[in-house]
J.: 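Dropping the structure in here first, questions after.
Naming: A, B, ... by sequence-line order, numbering from 1 per chain. This structure is a prediction, so every number in the text was calculated from the model and none was measured.
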4 protein chains.
Amino acid sequence: MARGINKAILVGNLGNDPETKYTQGGMAITKISLATTSVRKDRDGNPQENTQWHRVTFFGKLGEIAGEYLRKGSQVYVEGEIRYDKYTGQDGVEKFFTEIVANEMQMLGGRGEGGGGGGERMSRPRQESAPQRQAPQRQSAPPPADDGFSDDDIPF
Amino acid sequence: MARGINKAILVGNLGNDPETKYTQGGMAITKISLATTSVRKDRDGNPQENTQWHRVTFFGKLGEIAGEYLRKGSQVYVEGEIRYDKYTGQDGVEKFFTEIVANEMQMLGGRGEGGGGGGERMSRPRQESAPQRQAPQRQSAPPPADDGFSDDDIPF
Amino acid sequence: MARGINKAILVGNLGNDPETKYTQGGMAITKISLATTSVRKDRDGNPQENTQWHRVTFFGKLGEIAGEYLRKGSQVYVEGEIRYDKYTGQDGVEKFFTEIVANEMQMLGGRGEGGGGGGERMSRPRQESAPQRQAPQRQSAPPPADDGFSDDDIPF
Amino acid sequence: MARGINKAILVGNLGNDPETKYTQGGMAITKISLATTSVRKDRDGNPQENTQWHRVTFFGKLGEIAGEYLRKGSQVYVEGEIRYDKYTGQDGVEKFFTEIVANEMQMLGGRGEGGGGGGERMSRPRQESAPQRQAPQRQSAPPPADDGFSDDDIPF
DNA sequence: TTTT
DNA sequence: TTTT
């Protein structure tokens with residue numbers, strides 16, 4: 001039986017465009033870097049900015065939506081589960097990382113599908129930067145196998 | 001300005017007794033290991049248990065309360081902020097870790113102030129704190145019992 | 001498109017046994033009265049108890065589980081949606097009410113599966129339902145105990 | 001002792017400009033109407049929009065900020081406590097209502113400080129529509145007593 | 001009454 | 001790396 005609640009609730013902005021990959025079975029896995037900034041007073045009473053960068057992963061249908069609609073700078077509400085994981089790096093050393101596995105996502109007003117740093121955002125056709133973001137069921141062939149996670153031993 | 005929401009909501013059980021330290025200024029810092037277990041179906045439809053161990057830190061007054069009342073096995077509700085941090089180990093290598101900095105805590109029924117590791121736990125009588133565990137009708141009057149389902153004009 | 005988040009997170013105790021009905025299609029609808037008590041200081045700095053009674057509704061499978069396992073006094077975690085509704089009473093007057101439509105429920109330690117309509121609940125020994133309350137190390141291995149505070153190079 | 005969690009988490013849009021009043025002691029009380037819209041499939045599988053209108057109340061400093069920065073159409077994150085209350089109407093009948101007493105607020109991207117029905121929003125000086133929104137401490141005299149809640153017997 |  |  002379930003025994004516990006493990007819930008993260010985040011509202012933040014993407015630091016980069018999402019990255020979407022597909023499993024061999026065709027399931028989308030989209031990862032984003034999400035900044036949440038808060039302010040507290042330090043010991044001297046001065047406001048101190050504090051930014052946390054969350055690695056958020058979206059699977060399946062949510063992964064397709066996130067990959068298609070989110071962009072660098074987008075503001076988004078994410079709800080998910082905190083998961084602590086590890087992998088062995090190329091140097092043979094175990095590395096630990098934490099990710100939020102999203103189960104709910106909501107785009108928020110504003111920057112929406114716009115883009116980030118450059119001025120090219122409005123002119124950049126969606127397909128240009130997102131060939132790997134197409135829904136796999138729309139392709140007759142599965143995505144290349146090297147789009148998987150094994151390519152560089154680093155899961156994020 | 002604050003820009004974002006970073007909130008963790010956890011209900012779980014302590015894997016060990018809390019560990020409390022004090023800063024030179026006398027502020028309590030209590031750390032616990034909190035297990036949240038959930039169940040999902042794997043690809044074969046079989047229920048699969050999944051336990052995440054959260055490092056939760058309580059500062060100040062909350063740290064004193066957590067250190068005093070929580071014990072190995074205690075069930076607790078925790079709300080806090082997810083914080084990603086790092087330190088340099090004795091081997092000179094940077095290590096990353098994630099912690100939940102609690103800003104709200106609530107002991108849940110059951111194991112309560114009982115405890116774990118030591119034998120001293122039973123010496124603190126359960127009844128001391130038990131009155132608060134009585135049925136909530138002592139907190140205030142419950143809603144009238146007659147607004148039940150049998151009166152079909154009333155939906156609650 | 002979805003436009004918004006409407007989420008209630010409650011931890012409280014039942015004021016009465018649940019009431020379960022079934023639709024003609026056989027779907028369970030269980031309703032409970034849930035007390036959440038908090039304390040704040042009044043203007044004079046004295047702690048003031050404040051209890052809110054929530055009407056919580058569970059549909060379908062969740063309704064069956066809630067009806068079967070919850071009892072007067074049970075402590076429970078509920079997550080759901082806040083819904084404002086109205087009905088016309090027998091006196092022809094529109095009545096407004098608010099309910100929480102649950103989409104997640106988690107029984108909490110303590111009164112747990114005990115319960116039942118009558119006064120026999122206390123006669124059912126605590127241990128009967130206690131196995132699930134055992135220390136979580138049976139769910140999986142707890143983190144190593146030696147990463148305590150005494151090793152000052154390690155912050156957790 | 002606190003005994004329970006009573007938390008609402010909302011992301012929605014204001015249906016109207018906020019309304020701010022001041023207590024005789026000079027504390028701001030701001031009320032908004034917040035729409036949260038979600039979609040579910042009805043029994044026929046067709047998406048069905050569902051909008052809930054929340055009455056949200058902000059006290060004190062938060063009330064001043066909400067009154068000053070929120071506008072009709074603004075998207076906002078609100079966290080607060082669900083409170084069930086009643087008042088006796090002019091017809092002598094008890095009326096029940098539910099409100100969310102906010103303890104955290106976060107403006108979200110987009111409509112921001114804009115507002116208003118027409119296109120004049122960017123040209124509309126703040127003071128024009130918000131004389132009663134000025135922070136009370138900036139006035140030497142307290143706000144008129146009839147700005148209180150007794151004026152029309154209706155608390156929202 | 002909002003929003004998409 | 002985001003955002004205000």
J.: Quick one: A:Tyr77 OH to E:dT4 C1', roughly how many Å, whole number?
T.: 19 Å
J.: Measure the distance from CG on D:Asp17 to C1' on E:dT2 and round it to the nearest whole Å.
T.: 12 Å
J.: C:Ile5 CD1 to E:dT4 C1': how many Å, rounded?
T.: 14 Å
J.: Examine the base of F:dT3 for any acceptor or donor lying under 3.5 Å from a partner atom in the side chain of A:Asn13, and report the outcome as yes or no.
T.: no
J.: Nearest whole Å is fine: how far is E:dT2 C1' from A:Leu108 CG?
T.: 15 Å
J.: Taking CZ from D:Arg55 and P from E:dT1, how many angstroms apart are they, rounded to a whole number?
T.: 13 Å
J.: Please state how far atom CD in A:Gln52 lies from atom C1' in F:dT1, giving the value in whole angstrom units.
T.: 14 Å
J.: Begin from the C-alpha positions of C:Phe97 and C:Tyr87 and carry the test ring pair (Phe, Tyr, Trp, His ring centres under 6.0 Å) through to its verdict.
T.: CA-CA 8 Å; C:Phe97 66 101; C:Tyr87 68 99; 5.8 Å; yes
J.: Side chains of C:Gln52 and C:Thr36: any donor to acceptor distance under 3.5 Å?
T.: no
J.: Which nucleotide sits closest to the side chain of C:Arg3: E:dT1, E:dT3, F:dT2?
T.: E:dT3
J.: What pairs with A:Lys61 under salt bridge (Lys or Arg N to Asp or Glu O under 4.0 Å), at least two apart in sequence or on another chain?
T.: none
J.: Specify the separation, in whole Å, of atom CD of A:Glu19 and atom C1' of F:dT2.
T.: 15 Å
J.: Rounded to the nearest angstrom, tell me the gap between atom NZ in D:Lys31 and atom P in E:dT1.
T.: 20 Å
J.: Quick check for you: among E:dT1, F:dT1, F:dT4, whose closest atom lies nearest to any side-chain atom of A:Asn16?
T.: F:dT1
J.: Using side chain to side chain donor-acceptor pair (under 3.5 Å) as the criterion, list what pairs up with D:Asp42, not counting sequence neighbours.
T.: none
J.: Report the nucleotide, chosen from E:dT2, F:dT4, F:dT2, that has the shortest atom-to-atom distance to any side-chain atom of D:Ala35.
T.: E:dT2
J.: Let me see the working for D:Glu99 and D:Thr57 under side-chain hydrogen bond (donor to acceptor under 3.5 Å, both in side chains), right down to the final yes or no.
T.: CA-CA 7 Å; D:Glu99 63 177 351; D:Thr57 304; 2.7 Å; yes
J.: Within the structure shown, what part of the strands sits under 4.0 Å from D:Thr36 by heavy-atom distance: base, sugar-phosphate, or nothing?
T.: nothing
J.: Would you call A:Trp53 stacked on F:dT2, i.e. ring centres under 5.5 Å apart with the planes less than 30° off parallel?
T.: no
